[in-house]
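All remarks here apply to the structure that follows.
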Amino acid sequence: MPDLVAEIKTLEGQATQRIAASTSVEALQMVAHEFVGKKGALTAVMKQLGSLTPEERSLVGKAANDFKTQLETLLADKEAQLQDARYESLKESEFIDLSVNPKPHAALGVKVPFGGHIHPIAAMQKKLEDIFTSMGFSIVDGVQVEDDYHNFGALNFTEDHPARDMQDTFYVQAHGGAGVPADTMSSVPGPEAHGGAGVPAGTRQPYLLRTHTSTVQIRALEKMQPPLRIIAPGRVFRYEEVDASHEHTFYQMEGMLIDRKVSVGNLLHLMQTLLTEVFGREVEVRLRPGYFPFVEPGFELDMKCLVCAGKGCSVCKHSGWVEVLPCGLVHPNVLQSAGLNPDEWQGAAFGLGLNRLVMMRHGIEDIRHFMAGKLDFLRQF
Ligand code: PHE
């Protein structure tokens, strides 16, 4: 009869030596693999158990378990030791002396070192977040690579709505990794997951770069129970001819509130409070009808021109008013597609264009400045 306990002891000796001699985490993994892996040495020993009496078997079983426990401890200790050594050596090789005085950057022609600061759009976003959270809104996140369902279908865009056209939307190849990281794709459920409310397979590619933050209305309704108040800031993309007032990549902040009773009056009051905070003085607003498939009624909200106080100037194109944001009451179809009864729940939604707000706030004439990465521009804020 083979002395399996002795064999296990021998393995233990060998493994201990190998671990001691290992100089990397990969080497340790190899040891674990060779000794206790599926096809490892211990498994080979255990295959001979059949020829033993029950008493012998329990002895060998215990020896095997002890070996495994012992090996785990040794491996863990050695790994910690290797990590410590790695950090020690990184301390040396990656040391940066932060107390050293940097030299002014000659190429930029600046006398004092330029420390960098918050981008004007990020600053506007933060300001709005503070205002909205103080009014009980919570901030929610969406995804930039979206599916047709969240960007269009669930928002009541009919199949032939012109905004779905390739002209406005960047479509993304769903498979074959056209620049889309695998984890982004897997976190986006395909339209087929929604009972076919999306696109018929094969006619349109289901993934796209979201064209607006309204996608987050749907994502929030999927996760949260009303009553709710949310804002969703983020980057959006359109296939635009770029000029002074159009960019292919820009920033929006979506807002939505759902409650038992929500009126246009509530919406107006909210927007007026918001703009007064943003611009630091009393503003006057008005509504004009506007069409968006996911709101009914839908509006364009204008603000009395702050530059000329409504008298007419070049900023407001001599009308006395500037268009600020689109908004409206959430369309019953949108509530319904989120499983809410439109007789029970009502909602309001608005879409703030962050670039536009910053442009109005600081009198910036060209939207392309934001993405140009020009320090001359950025340093003014
Ligand atoms: N999502 C719309 C756009 O980007 C704006 C909008 C948001 C309109 C919310 C109404 C309500 O054009």
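Indexing begins at 1, ligand by ligand and atom by atom, following the structure's order. As a basis for the values below, the full set of heavy atoms in this structure was taken, side chains included, without hydrogen atoms, waters or symmetry mates.
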Worksheet item: Quick one: which ligand 1 atoms are inside 4.0 Å of a heavy atom on Gly351?
Response: 7 (C), 9 (C)

Fill in: Test item: His117 side-chain N/O and Leu378 main-chain N/O as donor-acceptor pair under 3.5 Å
yes

Practice prompt. Pull out every atom of ligand 1 sitting under 4.0 Å from any heavy atom of Arg238, numbered as shown with elements.
Written response: 3 (C), 4 (O), 12 (O)

Practice prompt. Quick one: look at Glu300 and ligand 1, take heavy-atom pairs under 4.0 Å, and tell me if it's side chain, backbone, both or neither.
Written response: neither

Item to complete: Report yes or no: does Gly298 have a heavy atom closer than 4.0 Å to ligand 1?
Response: no

Worksheet item: CD/Glu323 to CG/Asp302 distance, rounded to the nearest 0.5 angstrom?
Response: 6.0 Å

Worksheet item: Backbone, side chain, both or neither: what part of Phe294 comes under 4.0 angstrom of ligand 1, heavy atoms only?
Response: side chain

Worksheet item: Short question: side chain of His369, backbone of Phe377 - any donor-acceptor pair under 3.5 Å?
Response: no

Worksheet item: What about Thr211: any of its N or O atoms under 3.5 Å from an N or O on ligand 1?
Response: no

Item to complete: Distance to 0.1 Å, residue and atom name: give those for the protein heavy atom nearest to atom 5 (C) of ligand 1.
Response: Pro326 CG, 3.5 Å

Worksheet entry | Polar side-chain atom of Asp243 near backbone of His246 as donor-acceptor pair, under 3.5 Å | yes

Item to complete: For Glu56 and Thr53, indicate whether the former's side chain and the latter's backbone hold a donor-acceptor pair under 3.5 Å.
Response: yes

Worksheet item: Does at least one non-hydrogen atom of Gln252 fall below 4.0 angstrom from an atom of ligand 1?
Response: yes

Item to complete: Answer yes or no: is there an ion pair linking Glu34 with Arg18, defined by an N-O contact shorter than 4.0 Å?
Response: yes

